[in-house]
Structures are given as structure tokens and as C-alpha cells.
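Report on one structure; see the data block that follows.
Chain A is the first sequence line, chain B the second, and so forth, proteins listed ahead of strands; every chain is numbered from 1. Keep in mind it's a predicted model, so treat the numbers as computed, not measured.
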Amino acid sequence: MRVTILPDRRIEEMDAATVGEVLKRLGLHSDAYLVVRDEEILTRDVRLKSEDAVDVIPVISGGAPPRPFPRGRGA
Amino acid sequence: MRCIKCRRPANVEVRRHRSAFCAGCYPGWFRDQVERAVSHDRMFTRDQKVLVAISGGKDSLALWHALLKLGYQADGMYIRLGIADYSRRSQAKSEAFAEKHGLTLHEVDLEGDAGFKVPDLAQERDGKPCASCGTVKRYHFNKLAADLGYPVVATGHNLDDEAATLFGNVVHWQTDYLGRQGPVLESTHPKLVRKVKPLYRLAERDTAAYAVIERIDYILEECPMAKGAKSLEYKDLLNRLEESQPGAKHRFLVGFLKQGRQAVKRPLRMTLRKVAALYDVHGNLPALEAVLAEVEREEPDLVLFGGDLAAGWYPVEVLDRVRALPNARFVSGNCEREMILFFDGRRQGRYELTTDAARKLSRADRDFLAGFEPTVELEIEGLGAVLFCHATPRSDETILTPLTPDDEVEAELAGAPRTVVYGHIHVQGDRRVGSQRLVNAGSVGLAYGDTAACWALLGPDVQLRRTQYDLERAVPELAAAPGWVGARKWAEGRRQPPSAEEVIEQFESQRKHKV
């Protein structure tokens with residue numbers, strides 16, 4: 001199957017039985033990615049066929065953590 | 001996997017809740033979580049206008065979308081940070097979302113308005129502008145919210161963001177930050193708006209799934225300036241933990257908010273610009289009205305009532321008047337204490353002044369009085385910490401007069417901040433004792449040695465104020481007050497009150513005999 005990893009659209013060809021296995025083979029945390037086929041999000045137990053094409057979408061965002069105004073450094 | 005609501009094939013698994021939902025049921029669950037956070041943490045109501053900080057990413061757009069679907073009034077705010085291509089694309093996504101849904105999006109152009117862009121900050125702070133960028137963004141949220149009158153700003157911070165922040169603050173033991181981390185950051189200054197995080201119960205993956213299912217077009221790539229940011233490292237660590245211990249992130253954050261935060265929290269102190277101190281009103285409604293008219297012109301941040309508020313001519317009317325004030329706090333006096341005891345049938349009143357007033361109270365009035373605080377400590381510009389008490393910091397009836405010896409006053413004020421404001425003896429005064437300053441605000445309704453209504457304005461210095469009110473009109477009105485045997489006698493007394501010297505001597509001898 002064809003796996004497209006966003007955002008840079010890197011393509012990997014692989015044979016994985018399930019969605020969970022796709023992430024495992026790519027070494028990705030299931031909490032940090034969504035796997036989508038034909039605009040439909042798939043749970044990790046969904047079985048995949050060799051002719052399937054899936055997108056892997058990262059969900060992590062952000063830079064430095066938000067902070068309230070400091071009133072002097074921590075004690 | 002099946003949807004726990006309708007048993008159809010699931011699309012989104014929420015492992016920490018051992019749940020899964022189909023694309024049809026998922027948005028409802030997501031919005032329930034948002035609603036729960038908003039109402040449980042009292043973030044805002046449907047009557048309030050909320051300003052949502054929009055970045056063009058999944059979290060802020062999902063938040064805006066969910067709030068609108070839930071019936072909240074939410075406008076957006078976008079800051080052009082000047083991060084080349086990334087800023088252009090995120091701006092386009094934000095504008096397209098606003099246009100598609102017919103929404104108001106306020107925009108701030110950093111380069112045009114402030115004359116710099118975020119990449120310029122990179123040079124200032126060893127290559128990582130994220131912290132400075134956050135400060136700049138917060139400055140503009142505060143400014144825009146204040147300028148346009150939004151009472152609250154909502155940001156898209158999610159469970160992962162908050163857990164990563166918490167992790168970082170724990171690793172470095174930033175106790176000052178820890179004490180203030182939470183889904184609601186109260187305003188600590190009139191110019192700092194309240195900030196809330198309605199997505200703090202939802203994981204990053206949850207908001208991404210919501211955006212995909214609701215077909216929200218968001219900017220997928222990360223800010224290029226954030227590469228290698230510590231928060232991303234913390235998120236990665238926490239996700240590894242989550243993989244083997246589902247729910248760990250949620251327990252870490254929610255457990256901290258429930259149990260840990262209290263341990264590191266310091267009392268939140270707002271520095272106030274001006275505080276009006278109104279003591280010993282004693283149910284004198286015409287005097288109170290005159291003072292409040294003058295107080296209003298001063299635009300204080302807070303009106304502090306220093307006790308003995310209602311006992312006198314018009315208790316119920318005075319309570320109704322002060323309850324309508326937007327910014328007021330109340331210190332309890334000896335009269336409030338006596339009125340409550342009498343109302344509750346636990347004591348025969350010692351004076352008709354309090355018993356007659358207590359007879360007029362409703363249960364709600366009684367409960368309102370019972371909520372008065374023993375003392376109130378405030379931080380006031382130019383004065384620092386100021387303690388407001390009725391008679392002394394420890395008692396609502398101990399007498400301190402200008403004739404009381406310094407050492408005895410010092411003993412009463414031991415442990416109190418540098419400035420202490422009291423009332424009780426109905427004579428204005430301002431006295432230094434050792435390193436402390438003892439201010440008597442005087443009495444609004446029953447001033448001795450003065451036919452005016454006396455009060456004090458604090459910040460940046462102390463002003464003892466007198467407000468003349470029309471005695472020709474007020475005395476007959478007070479004399480006609482029903483249900484108090486002393487009404488006429490005490491009303492007539494307002495025309496020629498006893499002199500301050502006379503009263504001080506009398507109080508001082510009372511005090512000595514008690515001691």
C-alpha cells in the first residue's frame with residue numbers, strides 16, 4: 001500500500017495488515033498522528049488492503065509553552 | 001472498533017477514556033468536552049463576548065468552530081507575526097474560515113503596527129524566539145481585548161500543550177509558574193484580560209480529528225521558528241508514556257490541577273490603583289448616596305465597606321444600594337455581628353441600633369451580612385499592602401483612638417502590613433506608629449466633629465475626604481425612618497454632632513477601663 005506522510009508528502013510503500021502496524025513500522029506514536037483514507041479517519045485496528053492509499057497526518061503543533069506573566073523567577 | 005454511542009464502525013479512538021466514536025457522533029462528544037470545561041471552570045457565559053486567539057492551526061480554528069456551534073458569541077483575533085511564508089498561509093486559512101462562517105476576525109499587523117517581526121526576535125534570545133513571541137502575542141490580546149471591550153480571551157491550548165508546560169515547569173521546578181498554571185488565568189490588573197483554555201481537556205489528536213471531520217481547513221505545518229523547541233521534546237516524551245500508559249497525560253494534568261496546584265499556589269494579588277474606603281454608614285442612605293456620587297467620579301477599582309454598614313436608619317435600602325455596586329468588598333463590623341446574632345435568635349441585642357435594624361432584614365439580607373469578611377488585605381499602588389479592618393486587625397470592637405499610647409497601638413497592629421485602615425470610632429485620622437501607618441477613614445453616616453460624610457481614598461497616597469450633603473433634606477428623611485426608636489434623636493444629632501475631642505476622650509476612657 002501507499003502511505004503518504006504529511007506535511008511534506010513523503011511516500012512510503014509497505015505491506016502492513018492494520019493501521020496500527022503502519023504507524024509502528026514508521027516508528028510513530030499513535031497519539032501524535034491520524035491515519036486517513038479517502039477523507040475518513042481510521043482507528044488503529046482497521047485492516048488494510050494492498051491497493052489502499054492512506055495519509056498520515058501529524059497532530060502535534062506549537063512552539064514554546066504558553067506562560068503567564070512572570071513576576072520574578074521561580075522561588 | 002465500534003462507536004460507543006451508535007455501534008457503527010468507529011473513526012476516532014479516545015484511548016484515555018476507553019472510547020471510540022464514529023464520524024457522526026464524534027463532534028458532539030468533542031463539543032460536550034468543550035462545554036464541560038467552559039461551564040465547569042466558569043470560563044464565560046453565553047451573554048459574554050469572547051475573543052478567540054486564532055493562529056490558523058487546528059486548535060484555534062476547532063475551538064472557534066465548537067464555540068459557535070455551542071451558541072457562544074465568539075470573535076477572532078489574528079496577529080501577523082511576519083514569519084515569511086508560514087504567516088502568509090496561516091493568515092489565509094484564518095481569513096478563509098472567518099469568511100466561510102461569516103465571522104468577525106480582528107487583525108493586528110506586527111510589522112506595520114509594532115515595527116518588527118518575530119524572526120527579528122530570534123537574534124535577541126539565543127535563536128529561539130518562542131518565548132518572546134508568546135509575550136508579544138499576549139500583549140496584543142490584552143490590548144485588543146481592552147480596546148474593544150472583550151472581557152475574556154480564549155486560546156486553543158489543549159491537553160498536550162498544558163501537560164508539556166506542566167512537565168517543563170516540574171523538570172525545572174518553576175514554582176512561580178506552576179502556581180499560576182491552569183485553564184483560567186484571572187485578570188491580575190485592570191489592563192490584563194482574563195484568559196481561558198476551553199480545550200484543556202482535549203488531546204491534540206482529538207482537535208485534529210475534529211478539524212478533519214468538520215472539514216476545517218487549517219495550516220498543517222508547524223511554525224518554522226519552533227523547530228527544536230523544548231515543548232516539542234516534552235510532548236514527545238509524554239506521548240511515549242501515553243503509548244504504554246494510556247491516560248497518563250490526562251492524569252498528570254488534571255491531577256495537578258485538582259491536587260498539586262494548591263500546594264504551590266500563592267495568593268493571587270491584584271495591584272489596585274485606587275480604593276475608596278467607606279466605613280460606618282449606619283443606614284444613613286442620603287449620606288451614602290452623596291458619597292457614592294463623589295466616589296464614582298474618582299473611578300476607583302474597588303469600593304471597600306469597612307463595617308457597621310446597615311445598623312441605623314435605612315438598613316435594607318442601604319444593603320440594596322451597595323449590592324448593586326459592581327466592585328465592592330465588605331468588612332464585618334461589630335454591628336453586623338450583633339445583627340446576625342439577633343436575627344438568629346441567639347442573643348438579645350445590646351443596642352436598639354442593631355436590634356431594630358436586624359428586625360427589618362430578610363433571610364437574604366442576613367446571609368449577605370454573614371458573608372462579610374473579618375478583614376481584607378489589598379495591594380494598592382503607591383502604598384503596597386493595606387489591611388482593612390473595622391476596629392483592629394484582631395477585633396471588631398477594641399477601641400484605638402489618637403490618644404492611645406504608641407506601644408499599645410503597636411501591640412494591636414503586630415503582624416499587620418505597613419498600612420492599616422480602620423473606622424469604628426467615627427473620627428478621621430492618620431497616624432504613624434513605629435514603621436506602620438494607621439488611617440481612620442471616619443464615618444459616612446455618623447461622623448463625630450463633622451456634619452459631612454467622611455471617607456478615605458487610597459492610592460497612590462491616602463486622602464481623608466469629606467462630602468457635604470444637604471442636611472436640610474436629609475435630617476427629616478432620617479427622622480422619618482420607621483422601626484427605630486432612636487431615628488429622630490440621632491437624625492437631629494447630625495446638625496450638631498459632638499466634637500471630635502469630646503468623643504475621643506470618652507472613647508479613650510472607655511478603652512482604659514476595659515483594659
Under 4.5 Å from any heavy atom of chain A - which part of E13(B): both
Shortest non-hydrogen separation from V12(B) to I41(A) and the atoms involved: CG2-CD1, 4.1 Å
R205(B) (side chain) donor-acceptor with S30(A) (main chain) under 3.5 angstrom: yes
E243(B) side chain reached by D31(A) side chain, heavy atoms, under 4.5 Å: no
So how far is it from I57(A) CD1 to K58(B) NZ, rounded to the nearest 0.5 Å? 11.5 Å
To the closest 0.5 Å, what do you measure between CD1 (I213(B)) and CD (E39(A))? 12.0 Å
Between A23(B), P9(B), A209(B), A211(B), which shows the greatest number of heavy-atom pairs under 4.5 Å with chain A? A209(B)
Between D45(A) and M1(B), is there a donor-acceptor pair closer than 3.5 Å when you use the side chain of the first and the backbone of the second? yes
State, yes or no, whether a side-chain contact exists between E221(B) and D8(A) at a heavy-atom distance under 4.5 Å. no
If I measure from the heavy atoms of chain A, does K249(B) come under 4.5 Å with its side chain, its backbone, both, or neither? side chain
Using non-hydrogen atoms only, which part of F21(B) is less than 4.5 Å away from chain A: side chain, backbone, both, or neither? neither
Given a strict heavy-atom distance threshold of 4.5 Å, which part of A203(B) is in contact with chain A: side chain, backbone, both, or neither? neither
Measuring from L28(A):CG to N239(B):CG, what's the distance to the nearest 0.5 Å? 11.0 Å
Between R240(B) and chain A, which part of the residue has a heavy atom less than 4.5 Å away: side chain, backbone, both or neither? both
Here the gap from L34(A) atom CG to E204(B) atom CD, rounded to the nearest 0.5 Å, amounts to 10.5 Å
Take a 6.0 Å sphere around CD of E51(A) and say whether it holds more than 12 heavy atoms from other residues, nucleotides or ligands. yes
Quick one: what part of D59(B) sits under 4.5 Å from any heavy atom of chain A, side chain, backbone, both or neither? side chain
Does CZ belonging to R47(A) count more than 12 external heavy atoms closer than 6.0 Å? no
CA sep, side-chain torsions, deciding dist, call: V59(A), D160(B), side-chain contact (heavy atoms from CB on, under 4.5 Å): CA-CA 10 Å; V59(A) 302; D160(B) 294 70; over 6 Å; no
